Amino acid sequence: MCFTFGIAFAIVFTNMIKFTPQGIFCVQGGFYIDPWKPVDMAVITHGHADHARWGMKKYLCHTDTVPILKSRISEDIDVTGIGYNETMTINGVKLSLHPAGHIIGSAQVRLEYKGKVTVISGDYKTQDDGLTTPFELVKCNEFVSESTFGLPIYNWLPVAEQNKQMQDWVLQNQANGKNSVFIGYSLGKAQRIMKAMEGVGPLLVHYSIGKLNQAYETVGVRLPEYDIVDLREDVKHLDKAIIIMPPALVDSTAIRKIPNMANAICSGWMQVRGARRWRSADAGFAISDHADWRGLNEVIKATGAEKVYITHGQTAVFTQYLNENGIAAEEVKTEFGAEEEVIENTTPAAE
Amino acid sequence: MKVFARLINALDSTNKTGLKLEAIERFLTDAVDSDKLWLLALFTGKRPKRNINTALMKQWAIELVNIPEWLFQESYASVGDLGETIALVLPPPTTYTERTLTEWMNLIIGLKEKTEEEKKDFVLQAWDSLPTTERFIFNKLLGGSFRLGISSQSLINALAKHYSLEANTITHSIMGDWKMEDVSFDKLIEGEYTDTQLSKPYPFCLAYALEKELEDLGDIKTWQAEYKWDGIRGQLIKRDGEVFIWSRGEELVTEQFPEVKTTLLQWPGNFVLDGELLVYKQKQVLNFSELQKRLNRKTLSKKMLDDLPVALFVYDLLEYEGEDWRNKTLQERREKVEALVLTNVSENIKLSQVIEVNDWDALKAIRENARLVNSEGLMLKHKGSPYHTGRKKGDWWKWKIDPLTIDAVLIYAQKGSGRRSAYYTDYTFAVKQGDQLVTIAKAYSGLTDKEIQEVSRFVNKNAIEKFGPVRTVKPELVFEIAFEGIGFSSRHKAGVALRFPRIVRWRKDKTVADIDEIEEIKKLIR
Ligand SMILES: [Zn+2]
Ligand SMILES: [Zn+2]
């Protein structure tokens with residue numbers, strides 16, 4: 001019986017969104033959400049590279065994402081920004097953006113057509129990181145969710161405790177006369193680390209992080225004071241400094257030039273000992289901008305959705321779990337998280 | 001347990017010896033005395049017996065979190081450790097209990113007398129009062145399978161540094177039969193309970209692999225040829241009526257060879273010998289895999305001692321009646337050691353036989369057949385040579401037999417670390433077992449960087465499953481694997497264990513149909 005139900009819902013609702021080779025397509029609205037191939041009109045959930053790609057004729061996103069897209073893709077793109085909870089209608093489809101809590105400007109896309117509501121959440125987290133507008137729950141009929149950390153081993157500590165762990169690590173390094181190097185994704189993670197390090201010591205960041213910091217500052221988010229460190233120059237003078245670097249540089253000779261340093265990777269994958277050891281950094285902090293296991297489950301339940309689509313991450317496992325727990329879920333193949341996957345394999349997790 | 005948890009976390013994360021030493025240093029400064037003793041105890045095998053079934057622990061965790069068993073298994077597969085999986089899936093603790101490592105250990109030991117119900121209550125309460133890392137450590141201590149992310153040598157080095165003592169002295173101080181309740185940590189380390197001078201070993205003299213033609217070595221009469229035995233190289237010290245056996249890894253292994261110890265105790269005089277510890281039964285040296293069965297056990301049963309008796313094959317004499325003999329010539333030392341062994345005829349202490357031949361060709365023939373006596377080849381030692389400290393070129397050569405090789409297919413791959421962390425460098429290989437595949441060996445890459453990149457691309461494209469960092473790969477790439485020895489092993493699925501397997505070359509000319517068959521490989525075992 002369950003089975004026939006599933007089919008019935010599929011018939012009623014799949015006509016609002018369709019998973020196409022270009023990306024998630026809103027049938028009535030005629031636009032795409034986070035497409036991975038060039039299309040005419042793209043609604044972008046957030047500025048991470050696997051969700052915001054180049055080549056779209058028009059972009060629509062949250063106002064705070066606009067400077068990020070311009071900085072990442074090009075100054076010349078045709079991009080419109082709207083605020084959270086602002087409604088616009090496109091070809092009869094009511095569209096609004098709602099905070100996803102993932103990174104600055106990240107939004108869930110709410111679509112309403114003839115009384116039916118679909119929410120495409122992009123990437124989200126339920127934890128309030130103190131920088132990003134906190135996640136807002138949106139009731140819906142259909143919910144499109146990621147599942148990057150969709151295994152019960154991934155549960156994050158409260159932000160205050162995470163910050164304390166990182167601070168303690170830095171203080172210990174300083175006591176041993178060491179420089180502390182954090183490796184974290186340049187958009188989102190890096191700024192969280194900066195915030196956690198406020199007042200602990202002078203902050204230095206890689207220029208790619210500095211560039212995105214400006215995007216934060218233009219939309220009025222205050223970040224702790226920092227300087228840009230140029231690893232092409234002599235860095236021998238660095239002493240008990242706190243330095244934040246993007247994952248791409250983790251094994252680079254540039255980082256190894258920093259004298260007397262201990263390095264730490266900040267990523268949800270660091271939850272597992274094997275991953276910490278395997279990554280061979282000196283420390284690992286399980287800090288993520290993605291929802292943890294409990295977060296994913298709470299949100300999905302609370303949306304009241306009759307149908308859930310799982311786009312990336314632990315799709316098979318998580319889909320099976322939801323189905324066994326009375327939530328009709330379907331695994332869909334997308335190109336999201338491709339970056340996360342690559343990074344899991346070559347450099348620490350980006351998200 | 002906070003202080004201990006911080007140590008474990010640091011040891012687990014970093015690869016840098018310096019940082020590990022710093023973490024130990026910090027522990028030695030911060031921890032209470034009894035916890036430091038426990039650290040040593042866990043290292044020297046003084047851990048308590050397991051009082052709780054790990055399958056039960058898993059069951060309780062599943063009940064508590066209310067997840068299906070398959071999901072727990074999925075989680076386990078990506079974590080790779082049961083105690084850690086449990087620690088991670090449990091809900092956050094509602095309280096916090098700070099107990100020292102010692103207090104926890106005492107509670108765990110006390111479980112022996114408790115009922116199943118009481119045990120469960122204790123475990124659930126502990127889980128609810130410990131944060132993840134401490135919970136993980138608790139689970140490992142409870143399961144009796146705790147391992148620290150550091151070699152015993154590094155720990156000893158850290159202690160040596162902290163106490164400004166010599167590493168050898170500390171090794172000896174912390175070995176032996178001390179009881180937690182009888183000793184104080186500082187006094188133990190400082191050797192209050194032992195006389196360290198008595199046990200002090202010399203550095204081993206090591207040989208290089210032969211790299212020239214035999215004929216270039218000159219007159220065969222100036223060389224002493226012996227078999228190269230594949231056992232545990234040991235230094236056996238008898239001073240003042242006490243016997244100490246050191247392994248080459250600077251580990252004190254006296255208690256692992258009680259029969260040799262007993263014999264040496266009966267020999268008169270004071271001396272230091274260099275030799276090989278081997279399983280020797282019915283006048284035959286058995287394969288290393290037999291010896292392995294009785295290594296690192298907490299207790300050696302009578303049956304094991306009967307089934308796998310160990311003998312010492314003596315190579316050399318380093319000290320005699322308090323006099324350092326290392327600068328005398330090999331010839332002199334050999335004469336003395338022969339006299340010593342021949343006047344104390346013993347069942348389990350033999351001379352390593354000198355091979356008498358008149359020309360190099362005869363020696364070549366003997367080397368070819370070395371495997372027949374379970375030897376790995378020959379040793380050539382210049383008769384005029386002193387007993388060198390460490391490795392020195394020219395006087396001692398090892399001349400091993402060519403390794404055995406098989407063709408096997410790659411089935412699992414794992415990323416390397418450091419510079420190579422972007423590439424798959426750790427491989428697991430399989431051979432045929434009927435129409436199935438069975439794992440035969442693990443080997444780190446012996447490939448060129450270019451080949452590693454090529455294999456990594458293949459793995460990325462052909463990964464079937466992932467378990468944490470491990471990828472199951474479509475069985476397609478065939479490699480030639482060389483190894484030094486092979487023996488039966490019940491711990492390995494294939495029923496055999498290879499000794500020192502390594503990749504010789506990528507056999508691009510072969511397919512999975514050409515790989516070896518396990519039953520054929522077993523025939524290599526003697
Ligand atoms: Zn993202
Ligand atoms: Zn994503």
Side-chain angles (χ1 to χ4, degrees), chain A residues 149-158 161 165 168-169 172-173 175-178 248 250-253 256 260-265 269-286 292-294 297 314 316-318 320-321 324-325 341-348, chain B residues 6 8-16 18-20 22-23 25-26 61 65-68 70-72 74-81 83-92 131-133 136 149 414-424 426 456 459-460 463 466-471:
Chain A
F149 293 107
L151 273 178
I153 50 174
Y154 294 109
N155 289 300
W156 317 139
L157 288 174
E161 273 178 59
Q165 283 186 350
D168 285 349
W169 181 74
Q172 184 60 34
N173 289 337
N176 289 327
K178 283 201 161 56
V250 68
D251 287 325
S252 67
T253 42
R256 267 180 267 137
N260 206 6
M261 63 115 177
N263 58 354
I265 293 173
W269 305 110
M270 294 297 112
Q271 179 83 335
V272 176
R273 236 169 113 238
R276 287 199 297 273
R277 263 201 307 233
W278 174 48
R279 283 304 325 165
S280 70
D282 302 320
F285 297 103
D292 62 5
W293 168 257
R294 285 178 206 123
N297 280 285
Q314 316 278 345
V317 171
F318 195 49
Q320 183 181 343
Y321 177 76
E324 284 183 13
N325 282 274
E341 181 66 17
V342 170
I343 283 173
E344 184 205 349
N345 285 335
T346 56
T347 52
Chain B
R6 197 171 51 205
I8 298 309
N9 197 29
L11 293 183
D12 261 0
S13 302
T14 185
N15 272 346
K16 293 185 196 136
L19 286 174
K20 288 189 184 210
E22 261 171 34
E25 182 82 37
R26 194 174 177 200
V65 240
N66 192 22
I67 53 171
W70 69 263
L71 186 56
F72 185 91
E74 275 301 327
S75 305
Y76 181 22
S78 84
V79 174
D81 181 282
E84 190 187 356
T85 311
I86 293 175
L88 289 173
V89 298
L90 292 171
T132 313
T133 309
F136 157 69
Q414 189 173 342
K415 291 263 168 82
S417 58
R419 184 173 73 84
R420 281 177 164 172
S421 59
Y423 299 108
Y424 291 93
D426 303 0
S456 298
V459 173
N460 280 329
K466 40 178 195 179
F467 301 102
V470 180
R471 299 289 175 275

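Because the structure is a prediction, the values reported are computed rather than measured.
Neither the backbone nor the side chain of Arg6(B) comes within contact range of chain A, judged by heavy atoms closer than 4.5 Å. Interface remark: Glu161(A) contributes no atoms to any contact with chain B (heavy atom separation under 4.5 Å). Contacts between Gln271(A) and chain B at a heavy-atom distance below 4.5 Å involve backbone atoms as well as side-chain atoms. Heavy-atom distances place no part of Phe72(B) under 4.5 Å from chain A, backbone and side chain included.
Heavy atoms only, all atoms of each residue included: Met261(A) and Lys16(B) are closest at O-NZ, 3.3 Å. Closest approach of Ser13(B) and Asp282(A) over heavy atoms only: CB-O, 3.3 Å.
The candidate with the highest count of non-hydrogen atom pairs below 4.5 Å against chain B, out of Ile153(A), Asn176(A), Leu157(A), Val272(A), is Ile153(A). When each of Thr132(B), Leu90(B), Thr133(B), Leu19(B) is scored by its heavy-atom pairs under 4.5 Å with chain A, the top score falls to Leu19(B).
Taking the side chain to side chain contact (heavy atoms under 4.5 Å, CB included) definition, one finds that Ala264(A) meets it with Trp169(A), Phe182(A), Ala283(A), Phe285(A), sequence neighbours left out. Qualifying salt bridge (Lys or Arg N to Asp or Glu O under 4.0 Å) partners for Asp81(B), counting only residues two or more places apart in sequence or in other chains: Lys140(B).
Between Arg273(A) and Ile8(B), the closest side-chain pair of non-hydrogen atoms is not below 4.5 Å. Counting heavy atoms from C-beta outward, Pro92(B) and Arg294(A) have side chains that approach closer than 4.5 Å. Side-chain contact between Leu71(B) and Leu151(A) is present, with at least one heavy-atom pair separated by less than 4.5 Å. Between Pro68(B) and Tyr321(A) the shortest side-chain heavy-atom distance falls below 4.5 Å.
The main-chain N or O of Val317(A) is never found under 3.5 Å from a side-chain atom of Glu74(B) such that the two would form a donor-acceptor pair.
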